[in-house]
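Let me begin by presenting the structure, written as structure tokens, before commenting on it.
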Amino acid sequence: MAGVEIRNLKKYFGDLHAVDGVDLSIREGEFLVLLGSSGSGKTTLLRMIAGLEHPTSGEIYIGGVRVDGDVPPRARGIAMVFQSYALYPHRTVFKNIAFPLEASRVPRQQIEAKVRWAAEMFSISRYLDRYPRQLSGGERQRVALCRALVRDPKVFLLDEPLANLDAKLRNTARDDLKRFQRQIGTTTVYVTHDQIEAMGLGDRIVVMEHGKVRQVGTPQDVYEDPVDTFVATFVGQPPMNLLDLGDPSLPPRTLLGFRPEHFLPRSTFAAGEDVRAFRFSVRRVEYLGSDRYVYGAVAESATPDATVIAKLPGTIAQAIPEGETQEFAVPRAALRYFDADTGLRRRS
């Protein structure tokens, strides 16, 4: 395995700055997730690491060796898995997995051993004689991962490999993928627009927007301590509430932020607990099984029509009728403050 170092990397397509000055250090053995919406630059960044796109400027190092020049993909020590899996329909599962080894003229006996080892790791040994059309989406995804694994790469690059799976299969595949990465320890860079995937898989998450990195941190860091309002509202479902209170006790142009799960009826807090209270007018309660989303507005807001969301356990939400105003509160330790003009986090 190897670390990856990216220095001031840029990729321009005419006037479009797809990647705009990215600096990033990816540690050996790390599972790093590039998270962003369409057009954020995450896939372009991955493709430049792979050698499928040439940077406009900047440097890429894999295992301490600079590769951003004319080093072809096959010489970079990487293996990439695409969203489409790119399996050969006329080849069996065995032949699909063996293909990169055959292309490198690995001896037949070694090919046999490596293919069967990879297939065993991903529990697809019984499918080796089948063709891709005979497999489910989850099984095809495992074949693509096996084909990457047998190359013994220094770095795995995964471009939304679970996007074509249904919700149930994605949950299982996430678990398989994380266990596999921990077992082999190969440095992994994973691209997704799905924050649940990012939070569940990543040792660290890189949040991107318009070609720039907005924040790098553990899932807990990114969720609990967003550096700006973009990250605060992009990561989390429902997103963080942001209120302009016009509060003279705060610096001018300050937005107050808090997560919906921290916004609870005042009665649920212990007497004397340090909280900030609000008068919450309930407009609508949304049933989501064990949880409820409660939509409404707070009287203290400088924009009274701004929607505020509470995420409540069903047992609590049952006592929250629509159309009433109740006192809600947030623990002061859970409050976050942002500059309304720049969007940047204020630490005090």
Side-chain angles (χ1 to χ4, degrees), residues 1-13 16-36 38-88 96-97 99-101 103-104 141 143-164 177 180-181 184-193 197-198 201-206 208 211 213 216:
M1 60 184 175
V4 180
E5 188 78 20
I6 297 168
R7 300 177 186 172
N8 197 25
L9 197 64
K10 299 179 181 179
K11 179 63 178 181
Y12 298 162
F13 297 98
L16 175 63
H17 294 188
V19 173
D20 196 9
V22 167
D23 292 289
L24 191 61
S25 293
I26 304 170
R27 304 160 187 158
E28 287 188 11
E30 181 175 31
F31 198 125
L32 186 92
V33 177
L34 304 178
L35 173 65
S38 178
S40 64
K42 59 189 185 300
T43 295
T44 302
L45 177 57
L46 192 79
R47 288 174 63 83
M48 285 193 286
I49 298 172
L52 302 177
E53 295 280 358
H54 293 290
T56 302
S57 62
E59 301 172 3
I60 303 171
Y61 296 83
I62 297 177
V65 177
R66 187 170 178 179
V67 298
D68 54 85
D70 295 326
V71 179
R74 64 180 179 277
R76 296 189 179 202
I78 59 97
M80 191 163 181
V81 177
F82 299 91
Q83 180 178 339
S84 65
Y85 311 142
L87 302 180
Y88 297 104
N96 266 282
I97 298 172
F99 180 77
L101 301 177
S104 299
Q141 181 249 355
V143 175
L145 289 169
C146 284
R147 186 174 59 188
L149 176 61
V150 297
R151 298 180 60 183
D152 293 327
K154 298 176 183 176
V155 181
F156 276 117
L157 304 176
L158 307 179
D159 188 8
E160 305 212 43
L162 310 184
N164 292 330
L177 189 57
F180 150 72
Q181 196 272 340
I184 65 169
T186 302
T187 307
T188 301
V189 185
Y190 185 102
V191 161
T192 184
H193 66 278
E197 281 186 14
L201 287 171
D203 297 322
R204 288 190 300 157
I205 298 172
V206 180
M208 296 187 66
V213 171
V216 182

Next item on the list: Check the pair Ile6 / Asp23 against side-chain contact (heavy atoms from CB on, under 4.5 Å), numbers first and verdict last.
Entry: CA-CA 5 Å; Ile6 297 168; Asp23 292 289; over 6 Å; no

Next item on the list: Might you point out which heavy atoms bring Gly51 and Pro73 nearest each other, and give the distance in Å?
Entry: O-CG, 3.7 Å

Check: Can you tell me how far CG of Leu158 sits from CG of Leu32, rounded to the nearest 0.5 angstrom?
Finding: 11.5 Å

Note to self: Whether the side chain of Lys42 engages the backbone of Gly36 through a donor-acceptor N/O pair (distance < 3.5 Å, no angle test) should be reported.
What the structure shows: yes

Item checked: Criterion side-chain hydrogen bond (donor to acceptor under 3.5 Å, both in side chains) on Tyr190 and Gln181, from CA distance to verdict -> CA-CA 11 Å; Tyr190 185 102; Gln181 196 272 340; over 6 Å; no

Notebook entry, point to check: Could you give the distance from CE (Met48) to CD (Glu53), rounded to the nearest 0.5 Å?
Noted result: 7.5 Å

Notebook entry, point to check: Nearest 0.5 Å, what's the SG-CZ distance between Cys146 and Arg151?
Noted result: 14.0 Å

Check: Hey, does the side chain of Arg76 reach the backbone of Ile49 with a donor-acceptor pair shorter than 3.5 angstrom?
Finding: yes

Check: Does a side-chain heavy-atom distance below 4.5 Å link Leu34 with Leu24?
Finding: yes

Next item on the list: Would you give the length of the straight line joining atom NE2 of His193 to atom OG of Ser40, rounded to the nearest 0.5 angstrom?
Entry: 11.0 Å

Check: Is the charged tip of Lys10 near the ring of Tyr12: under 6.0 Å from the six-membered ring centre and within 45° of its axis?
Finding: no

Next item on the list: Taking Thr43 for its side chain and Gly41 for its backbone only, find out whether a donor-acceptor pair lies under 3.5 Å.
Entry: no

Check: Do you know which two heavy atoms are closest between Asn96 and Arg147, and how far apart they sit?
Finding: O-CD, 3.0 Å

Margin query: Is there a side-chain contact between Glu197 and Glu160 in this structure, where contact means two heavy atoms from C-beta onward sitting under 4.5 Å apart?
Written below: no

Notebook entry, point to check: In chain order, what residues pass the side chain to side chain donor-acceptor pair (under 3.5 Å) check against Thr56, with sequence neighbours excluded?
Noted result: none

Item checked: Set of side chain to side chain contact (heavy atoms under 4.5 Å, CB included) partners for Ala198, sequence neighbours left out -> Val33, Leu35, Thr192, Ile205

Note to self: Working note: Met80 + Leu46, criterion side-chain contact (heavy atoms from CB on, under 4.5 Å); need CA distance, chi angles, decisive distance, verdict.
What the structure shows: CA-CA 9 Å; Met80 191 163 181; Leu46 192 79; 3.5 Å; yes

Next item on the list: Mind listing the closest non-hydrogen atom pair of Pro161 and Val81 along with its distance?
Entry: CB-CG1, 4.1 Å

Next item on the list: Taking all non-hydrogen atoms of both residues into account, name the closest pair between Pro100 and Val150 and its distance.
Entry: CG-CG2, 4.1 Å

Next item on the list: With rounding to the nearest 0.5 Å, note down the distance linking CZ in Arg47 to CG in Leu157.
Entry: 11.0 Å

Checklist line | is_close_aromatic(Phe31, Phe156), centroid dist under 6.0 Å | finding: no

Notebook entry, point to check: Side chains of Lys11 and Asp20: closer than 4.5 Å at any heavy-atom pair?
Noted result: no

Next item on the list: With sequence neighbours excluded, tell me which residues meet side chain to side chain contact (heavy atoms under 4.5 Å, CB included) with Glu59.
Entry: Arg7, Tyr61, Arg66, Asp68

Check: Given Glu28 and Thr187, is the side-chain hydrogen bond (donor to acceptor under 3.5 Å, both in side chains) satisfied, shown in steps?
Finding: CA-CA 5 Å; Glu28 287 188 11; Thr187 307; over 6 Å; no

Next item on the list: For Pro55 and Ile60, work out which heavy atoms get closest and say how close.
Entry: CG-CD1, 4.3 Å

Notebook entry, point to check: Quick one: does Lys154's side chain get under 4.5 Å of Ile78's, heavy atoms only?
Noted result: no

Margin query: Just verifying a value: how many Å separate Leu177 CG and Leu145 CG, rounded to the nearest 0.5 Å?
Written below: 6.0 Å

